[in-house]
Amino acid sequence: MNKISHNHILFFLSFLFFVSFFACKDDYDSYSTDSNQVLAFSTDTLSFDTLLSTVGSATKKFMVYNHHSKPLLISSVSVSGNNGFRINVDGQRGREFSNIRIGAKDSLYIFVEVTLKEGMNKEPILATDEVLFKTNNVEQKVILEAFNQHVTVLKSKIFETSTTLSNEKPYLIYDSLVIAPDATLNIPEGVILYMYSKSFIKVYGNIKVKGTLDAPVVFRGYRTDYLIDIPYDLVPGQWGGIFFSSSSYNNEFEYVHIRNGMYAMNFEPADPGISKSKIKNSILTNVNGNLLSAENCNIEIENSELSNASGALIVLSGGKYSFIHCTLANYLPGWNGMTVSGKTAVITNYKKEKENTIPLPLIQADFFNTIIYGNNSSGSNILLAKDTIVNPDTPFNYNFQYSLIKTNDKFDKGKTTECIFNKDPEFTKSIAGDDFVYDFRLDSISPARNKAGSDISAHLPFDMNDIYRFNDEGPDMGSYEWIPQNDFK
């Protein structure tokens, strides 16, 4: 038997290596040139939600597939138009790419973002574009589309003289909107103010907001997309809130919706002999702090819903307050890391400053024909905190009439009239399902039905939805009069 030399073995192994290498290289580069072998896509149209002009979108994606047994060479990938759409291919951002390899039976992601341009239209306008692919001389496309909500952008805006906003199109507020002392900002019906992250409205003069039932004024976060499966419009903490300085008086809100901020309204100390604010037919809801806080103020609220805060709905320290035909309902779940106090109303006649207790006379706190309820497991949704030690003679005047209240506390004698205690108001939908939508209108079986004080209701004969309160046996407690259409359970 002949022996194989060491050199022959090395030559043979080298030969196998080169054959194997070039065979693999040939397979790697042997792209299909068959015009019948082209790409497939996970969708033919990639749609974005309604987007505010000038604000970049969240990233969306679609997939490109090669279902064939040979690699394909995508000779070009490009965005055809100039409407603000951008793509990311193989980790590279841009609008145009060439010679993209996609292996046999393989796939790749195309990521898409868009920043839409400003325009003049009040209603959203559809913006479209296309991602074009060219493979084996065959052109294919995926359509991109988004509704463009044109907005007027205000950045760190200060109104130093009295001004009336236009309602031609919505506003996008960056950082802050400030109303200077001695200036009045008038906001007419139908205006929407989209508040950018952490932005605030600061009122040193005054603000008069006059919406209507059909065209309310809306203050809300700017996000129009989704947090997983929940619209950002239902997520609290999207912006700051409306802050009123000590110099601000005679503010007015009618048919106004304020939602998803850190808070809705925060009033600094004032003179309770002068009207701080009047709020009518409005909805303040869904914050991750206290909804409305006031110190030594004069505030009147009628026919309004105050709902869902991780803190309390109202925190009143001294002053003069009136709530007539209001629904105060705190059912916000403790989700996304939020801590929920569960209290609905906190009412005091003092405040703490370091080691000192400062008296704040509670001149008046009237709750007439009002519902005060929530999911607080402690059994009490009202905290009446009177200073009985340091300044026991400080006035602490409150009055509940024809109201439905959840509480385990005992009220002072003569402070309640014809009230209902600890009976579930049976709202249409007070427990959020997967959609996190609440409905605080009354069900037909509600104990609050026909139990409001008629003499009080005579001054507000229509509820916040313009429904007449005297069509049945009597007016209902809260801001909503029951009608048969409310029964959706």
Side-chain angles (χ1 to χ4, degrees), residues 211 216-221 230-231 233-239 241-242 253 255-266 279-294 299 301-316 321 323-336 338-347 367 369-376 380-383 403-407 424-433 435-443 446 448 463-465 476-482 486 488:
V217 174
V218 178
F219 298 79
R220 52 156 292 178
I230 304 170
D233 196 30
L234 299 178
V235 178
Q238 296 301 297
W239 57 290
I242 306 178
F253 294 84
Y255 287 109
V256 178
H257 297 178
I258 304 173
R259 59 180 182 259
N260 58 41
M262 300 292 292
Y263 58 85
M265 295 181 173
N266 187 350
I279 303 168
K280 299 179 180 180
N281 301 312
S282 295
I283 298 175
L284 283 60
T285 188
N286 201 30
V287 303
N288 65 355
N290 296 323
L291 188 73
L292 183 151
S293 301
I299 298 173
I301 305 181
E302 297 177 350
N303 257 358
S304 294
E305 175 194 317
L306 286 73
S307 61
N308 289 0
S310 64
L313 295 184
I314 57 172
V315 178
L316 312 177
Y321 307 94
F323 292 79
I324 301 177
H325 268 301
C326 291
T327 296
L328 280 63
N330 202 5
Y331 288 82
L332 188 70
W335 65 285
N336 201 30
M338 288 191 306
T339 300
V340 178
S341 77
K343 292 294 183 186
T344 298
V346 177
I347 304 168
F367 296 84
N369 291 359
T370 288
I371 297 173
I372 304 173
Y373 222 82
N375 59 359
N376 182 12
S380 184
N381 275 72
I382 295 180
L383 175 61
S403 294
L404 189 154
I405 307 164
K406 182 178 182 180
T407 181
D424 192 316
E426 298 292 348
F427 295 121
T428 299
K429 186 180 179 185
S430 59
I431 299 175
D435 57 4
F436 280 81
V437 173
Y438 298 81
D439 188 340
F440 293 114
R441 291 176 296 171
L442 300 177
D443 189 87
S446 172
D463 78 353
M464 67 180 299
N465 287 330
D476 302 338
M477 297 174 176
S479 56
Y480 301 103
E481 182 72 11
W482 177 84
N486 289 5
F488 297 130

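- The NZ atom of K429 sits 14.0 Å away from atom CG of D443, with the distance rounded to the nearest 0.5 Å.
- Note that the CZ atom of R259 and the CG atom of L234 stand 8.0 Å from one another [nearest 0.5 Å].
- Note on ring orientation: taking the six-membered ring where Trp is involved, the planes of F219 and W239 are parallel (angle under 30°, cut-offs 30° and 60°).
- Note: R441 CZ to S479 OG = 11.0 Å, rounded to the nearest 0.5 Å.
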Does N288 form a side-chain contact (heavy atoms from CB on, under 4.5 Å) with M262? I'd like the steps, not just the answer.
CA-CA 5 Å; N288 65 355; M262 300 292 292; 3.4 Å; yes
Can Y321 and I347 be said to form a side-chain contact (heavy atoms from CB on, under 4.5 Å), step by step?
CA-CA 10 Å; Y321 307 94; I347 304 168; over 6 Å; no
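- For the atom pair CG of D463 and CD of E302, the computed distance is 13.5 Å after rounding to the nearest 0.5 Å.
- Side-chain contact between L284 and F253: absent, with no pair of heavy atoms (C-beta onward) separated by less than 4.5 Å.
- By the ring-ring contact (aromatic ring centres under 6.0 Å, His included) test, Y373 is found to be paired with no residue, residues two or more places apart in sequence or in another chain being considered.
- Residues A309 and G289 come closest through the heavy atom pair CB-O, 3.3 Å.
- Side-chain contact between Y263 and N290 is absent, with no heavy atoms from C-beta onward closer than 4.5 Å.
- The shortest non-hydrogen separation linking S446 to P425 is OG-O, 2.6 Å.
- I405 is not listed as a side-chain neighbour of F367, based on a closest heavy-atom distance of 4.5 Å or more.
- Under a 3.5 Å cut-off, the side chain of S293 and the backbone N or O of N266 do not form any donor-acceptor pair.
- Considering only heavy atoms from C-beta on, M265 comes within 4.5 Å of I279 through its side chain.
- Closest approach of N286 to P236, counting heavy atoms only: O-CB, 3.4 Å.
- Of the candidates I301, T285, I283, L306 forms a side chain to side chain contact (heavy atoms under 4.5 Å, CB included) with just one, namely I301.
- When all heavy atoms of N369 and S403 are compared, the closest pair comes out as N-OG, 3.5 Å.
- For the residue pair N303/H325, the side-chain donor-acceptor check at 3.5 Å is not satisfied.
- Each of N465, T428, D439 was scored for a side chain to side chain contact (heavy atoms under 4.5 Å, CB included) with Y480, with one residue passing: N465.
- Counting only heavy atoms from C-beta outward, the side chains of N381 and L328 never approach each other to under 4.5 Å.
- Closest approach of S282 to M464, counting heavy atoms only: O-CE, 3.6 Å.
- Annotation: F427 is not in aromatic contact with Y438 [ring centroid separation under 6.0 Å not met].
- For N330 (side chain) and T344 (main-chain N/O), no donor-acceptor pair under 3.5 Å exists by modelled atom type.
- Between the side chain of N308 and the backbone N or O of Y331 there is at least one donor-acceptor pair closer than 3.5 Å.
- Shortest non-hydrogen contact noted between G478 and T327 is CA-OG1, 3.5 Å.
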